[in-house]
Structure formats: structure tokens, C-alpha cells
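Right, one structure below, let's go through it.
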Amino acid sequence: MELLKRNNMLFLYTKSNCPFTPVVLYKLAEDAIPYTEKNIEDPQFESELLEHGGDRKVPFLYDDETGLGMYESTAIVAYLNEYHSGKNK
């Protein structure tokens, strides 16, 4: 079970038609960074987002390994560049 947790340590909270989410999705795909997407139109995922971040804004990235969460696509991409790019290549 621990291996599964390592493979899904990043969670990206999204919402359909958000204009900022594709920037983050592109970065994740470009660098083949494993993540789990959670659309907050599902009430369970909306509750998780509020628990981790406090606001109902997307995109929101939560790193389960570090407990770090962040909003803003530019901040998320910068974080991915610094801490996750190249790990899976």
C-alpha cells in the first residue's frame, strides 16, 4: 500500500472549464509527473479541497508527501519545476 501512496503523492484539484488548470495539466503531462486529478464538482473532493486549502479556488495542488498545498497555476508550475521535474525521466 505504501507504494501506491508514493505513486499518487500529488493531487490536483480542478473544476471543469477552469481557464487556469490546463497550464498545470500541460506541465504534469510534459514532465510525466504522476498525479491524481480531483474535480471539485464532486462534493467529496470539494470537502477535501476546503480541508487542505481553505478556499474553493482551483487549480490547487496538494503534495501528500510534504503536506504542502498551493493555489495559482504559476506557483504550481514553479513548484513542479523545482521539486518534481526530472524525477520520472
Side-chain angles (χ1 to χ4, degrees):
M1 196 60 133
E2 183 64 27
L3 180 61
L4 179 63
K5 181 178 178 186
R6 285 191 189 139
N7 287 337
N8 290 321
M9 67 181 208
L10 294 178
F11 298 95
L12 182 65
Y13 292 85
T14 64
K15 185 176 178 185
S16 301
N17 301 317
C18 171
F20 306 106
T21 299
V23 174
V24 179
L25 291 172
Y26 179 82
K27 179 63 180 172
L28 290 163
E30 178 181 55
D31 290 354
I33 300 170
Y35 71 98
T36 299
E37 185 174 351
K38 297 186 173 197
N39 190 314
I40 66 166
E41 292 170 7
D42 179 320
Q44 175 187 346
F45 297 149
E46 181 182 15
S47 293
E48 287 178 19
L49 170 63
L50 293 171
E51 180 182 322
H52 293 306
D55 289 321
R56 194 179 181 277
K57 296 184 343 183
V58 294
F60 178 80
L61 183 77
Y62 181 73
D63 188 331
D64 192 40
E65 185 174 281
T66 64
L68 181 68
M70 67 192 68
Y71 295 99
E72 305 299 331
S73 57
T74 54
I76 293 169
V77 169
Y79 176 78
L80 294 172
N81 278 332
E82 187 166 347
Y83 296 102
H84 291 278
S85 290
K87 283 187 175 181
N88 300 300
K89 291 185 178 182

Legend entry - Worked check of side chain to side chain contact (heavy atoms under 4.5 Å, CB included) between Thr14 and Val24: CA-CA 10 Å; Thr14 64; Val24 179; over 6 Å; no
Inset, instruction - Determine whether more than 12 heavy atoms belonging to other residues, nucleotides or ligands lie under 6.0 Å from atom CD of Glu72. - result: no
Inset, instruction - For residues Asn39 and Lys15, report the shortest heavy-atom separation together with the two atoms involved. - result: OD1-CA, 3.8 Å
Inset, instruction - Begin from the C-alpha positions of Glu30 and Ser85 and carry the test side chain to side chain contact (heavy atoms under 4.5 Å, CB included) through to its verdict. - result: CA-CA 9 Å; Glu30 178 181 55; Ser85 290; over 6 Å; no
Inset, instruction - For residues 34-44, pull every pair meeting salt bridge (Lys or Arg N to Asp or Glu O under 4.0 Å), keeping only residues two or more places apart or in separate chains. - result: Lys38-Glu48
Inset, instruction - Give, for atom CG of Leu12 and atom NZ of Lys27, the distance between the pair rounded to the nearest 0.5 Å. - result: 14.0 Å
Legend entry - Interatomic distance, Tyr71 atom OH to Ile76 atom CD1 [nearest 0.5 angstrom]: 10.0 Å
Inset, instruction - Starting from the C-alpha separation in whole Å, work towards a yes-or-no answer on side chain to side chain contact (heavy atoms under 4.5 Å, CB included) for Arg56 and Ile40. - result: CA-CA 8 Å; Arg56 194 179 181 277; Ile40 66 166; 3.9 Å; yes
Inset, instruction - Please check if Leu68 and Met9 belong to a single hydrophobic cluster, counting links between Ile, Leu, Val, Met, Phe, Trp and Tyr side chain heavy atoms closer than 4.5 Å. - result: yes
Inset, instruction - Walk me through it: do Leu49 and Phe11 pass the test side chain to side chain contact (heavy atoms under 4.5 Å, CB included)? - result: CA-CA 10 Å; Leu49 170 63; Phe11 298 95; over 6 Å; no
Inset, instruction - Look up atom OH in Tyr26 and atom CG in Asp31, then write down how far apart they are to the nearest 0.5 Å. - result: 9.5 Å
Inset, instruction - Output the distance between atom CG (Leu28) and atom CD1 (Ile33), rounded to the nearest 0.5 Å. - result: 5.5 Å
Legend entry - side chain to side chain contact (heavy atoms under 4.5 Å, CB included) partners for Phe20, two or more places apart: Cys18, Pro59, Ser73
Legend entry - pair Tyr35-Leu25: side-chain heavy atoms closer than 4.5 Å: yes
Inset, instruction - Can you label the angle between the Tyr62 ring and the His52 ring as parallel, tilted or perpendicular, going by 30° and 60°? - result: parallel
Legend entry - Side-chain donor-acceptor pair present, Tyr79, Asp63, cut-off under 3.5 Å: yes
